[in-house]
Q: 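My questions all concern the structure below.
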There are 2 protein chains.
Amino acid sequence: MLKNHIGRKPLMFPKPTLERLKLYYALLLTENKDYISSDEIAKRLKITPEQVRKDISHLNITGKPKVGYHIPSLLGELSELFGISVTDNIIIVGAGGLGSALARYKGFEKIGVKVVAIFDNDSEKIGTFVGELMVLPLSDLQRVVKRFKVRIAAICVPEESAQEVTDLLVEKGIKAIWNFAPAILHVPSGILLENEDITRGILSIKHMLDKKG
Amino acid sequence: MLKNHIGRKPLMFPKPTLERLKLYYALLLTENKDYISSDEIAKRLKITPEQVRKDISHLNITGKPKVGYHIPSLLGELSELFGISVTDNIIIVGAGGLGSALARYKGFEKIGVKVVAIFDNDSEKIGTFVGELMVLPLSDLQRVVKRFKVRIAAICVPEESAQEVTDLLVEKGIKAIWNFAPAILHVPSGILLENEDITRGILSIKHMLDKKG
DNA sequence: TAAAAATTGTAAGAAATTTTTCAAATGTTG
DNA sequence: CAACATTTGAAAAATTTCTTACAATTTTTA
């Protein structure tokens, strides 16, 4: 359980519930009906409707028997839960293939995320453009973080410099590290670390393909 | 629990355990000592040593009191568990920013994954090179899948064509879909689907930053 | 309007996972 | 070599998460 201070509702979410709530959010975004039943969400996501109802029961929302849940309300609750209504300015460190792809990613807007800068150490890359953004040297980091009130940084540098970059970011006031490097990073307590190592996904696939169906 | 047929050991893994085992694998890859204790693994990954021991107890390996676990053996067990010793030829569909970045990703080799082709529909892109690979039209799909015995395909196309591409891939004999599109995909039973939607990671960050630390 | 059907909400029970505890084994030190 | 410290391994307890079961509510239909 993740505890939460403010009142209103219990506001404690089992971690697995939180993961599923993200899926509901993604699903509902593409839905253009007004109402949806737990049964339908369940079928689409291959889980049980009871599970869906239980998850949703954590939110400040209530469904209508025989009709289902009001999708805009559900989306509203989930937006609030995930802080989507507040736009976060984020920065990307590392303008290689992954960093550039991330900088151009179209999906950020609808979840309240805006990439305000991309950094690199390589003087060949500095000054070139990735989409609309000019690649900046790390010496501009402090200025940008202050100016745009950046709390989140994505790390897209090679494994060997990931820790170094992390330390620098934390020093400059970054509060959350979104790590795309295949490295185990260390952060001071109070700093959030989210690992996005893509090899994990394919390890699951390989495991399942070989060991099961 | 994920059940498994072949004997030797119980070979059933709680899903959370499996996730942590991947982390151990990543951690141990960068380690060059001979032995490591549950305590050290735990400290690095910010979990408890008991948890680590319990996880490792699922494997066909046993630690030495006062010394710890033999790292090469542990790596060997984990490699086998995740099928890393067997190389999988995978293909990428979608030669945009993300697809290209993925095709150039260096980390695949050490987990037994090789990208053998990248596809796109856009005639502007077909024939251009991404690293060493020429972008191919989807009409070449069948040939490549057969020729390289491809079981896994990564989907890096826009949301709106993701389902269509999925259907095509399944039809051509692909057994596992690694989905990078921000879409809820449907696959026939027996086909594995692994979602890698990167927005999920940052939703977690936004939630935690606002609601807690 | 009353009965029927569909759907939510929740409490209780079951299952899965994590934490606690502690005995057994193996090095290490005096 | 004996006492001690460290570390594993495994059983038991506690906690968390999921499933089951069913009552309550609302719409539909006759």
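In what follows, chains carry the letters A, B, and so on, assigned in the order in which the sequence lines appear, proteins first and then strands, with residues in each chain numbered from 1.
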Q: Looking at dA6(C), I'd like to know if its phosphate oxygens (OP1 or OP2) sit under 4.0 Å from a side-chain N or O belonging to Y35(A).
A: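 Negative; the distance criterion is not met.
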
Q: Thinking salt bridges, do E19(A) and K22(A) make one under a 4.0 Å N-O criterion?
A: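 Looking at E19(A) and K22(A), the cut-off is met.
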
Q: Under 4.0 Å between a side-chain N or O of S57(B) and OP1 or OP2 of dT8(D)?
A: no

Q: Round to the nearest Å and state the distance from L74(B) atom CG to dG9(D) atom P.
A: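 So the CG-P distance, L74(B) to dG9(D), works out to 10 Å.
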
Q: Base, sugar-phosphate alone, or nothing: which one does E50(A) contact when heavy atoms must sit under 4.0 Å apart?
A: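 Base contact.
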
Q: Can you check whether Q51(A) has a side-chain N or O nearer than 4.0 Å to OP1 or OP2 of dT17(D)?
A: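 Indeed not, no polar side-chain atom of Q51(A) lies that close.
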
Q: Are any of the side-chain heavy atoms of R200(A) and L23(B) separated by less than 4.5 Å?
A: yes

Q: Can you measure L21(A) atom CG to dC18(D) atom P for me and round it to whole angstrom units?
A: 11 Å

Q: On the nucleotide dT8(D), are OP1 or OP2 found under 4.0 Å from the side-chain N or O atoms that S38(B) carries?
A: yes

Q: What orientation do Y25(B) and F82(B) show, parallel under 30°, tilted 30 to 60°, or perpendicular over 60°?
A: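 Y25(B) vs F82(B) ring planes: perpendicular.
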
Q: Can you figure out which of dT17(D), dG9(D), dA21(D) approaches the side chain of R53(B) most closely?
A: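 Looking only at side-chain atoms, R53(B) lies closest to dG9(D).
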
Q: Specify the separation, in whole Å, of atom CZ of R20(B) and atom C1' of dT18(C).
A: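 Value for this atom pair: 8 Å.
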
Q: Check whether any side-chain N or O of T62(B) sits under 4.0 Å from OP1 or OP2 of dG9(D), and answer yes or no.
A: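 So the side-chain polar atoms of T62(B) do come within 4.0 Å of the phosphate oxygens OP1 or OP2 of dG9(D), strictly under.
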
Q: Separation of I36(B) atom CD1 from dT8(D) atom C1', in whole Å?
A: 15 Å

Q: Find the distance E40(A):CD to dT8(C):C1' and express it as a whole number of Å.
A: 16 Å

Q: Using a strict threshold of under 4.0 Å (side-chain N to carboxylate O), is an ion pair present between K110(A) and E159(B)?
A: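 The answer is yes: the pair qualifies as a salt bridge.
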
Q: Please check: side-chain N/O of Q51(B) versus main-chain N/O of A42(B), any donor-acceptor pairing under 3.5 Å?
A: no

Q: Please determine whether a side-chain nitrogen of the Lys or Arg among E50(A) and K54(A) lies less than 4.0 Å from a carboxylate oxygen of the Asp or Glu.
A: no

Q: Sugar-phosphate atoms are those with a prime plus P, OP1 and OP2; base atoms are the rest. Using that split, label each nucleotide of nucleotides 24-30 of chain C B, S or - for protein heavy atoms under 4.0 Å, 5' to 3'.
A: -BBSS--

Q: Quick check for you: among dT8(D), dT17(D), dT18(C), whose closest atom lies nearest to any side-chain atom of S37(B)?
A: dT8(D)

Q: Between the side chains of T199(B) and D197(B), is a donor N or O closer than 3.5 angstrom to an acceptor N or O?
A: yes

Q: Round to a whole Å and report the spacing from NZ of K15(B) to P of dT18(C).
A: 12 Å

Q: CG of N60(B) versus P of dT8(D): gap in Å, rounded?
A: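 It works out to 18 Å between those atoms.
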
Q: For K54(A) and for Y69(A), find the nucleotide of DNA chain C with the closest heavy atom, then tell me which residue's nucleotide is more 5'.
A: Y69(A)

Q: Could you tell me the separation between the NZ atom of K43(A) and the P atom of dA6(C), rounded to a whole number of Å?
A: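 K43(A) atom NZ is separated from dA6(C) atom P by 12 Å.
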
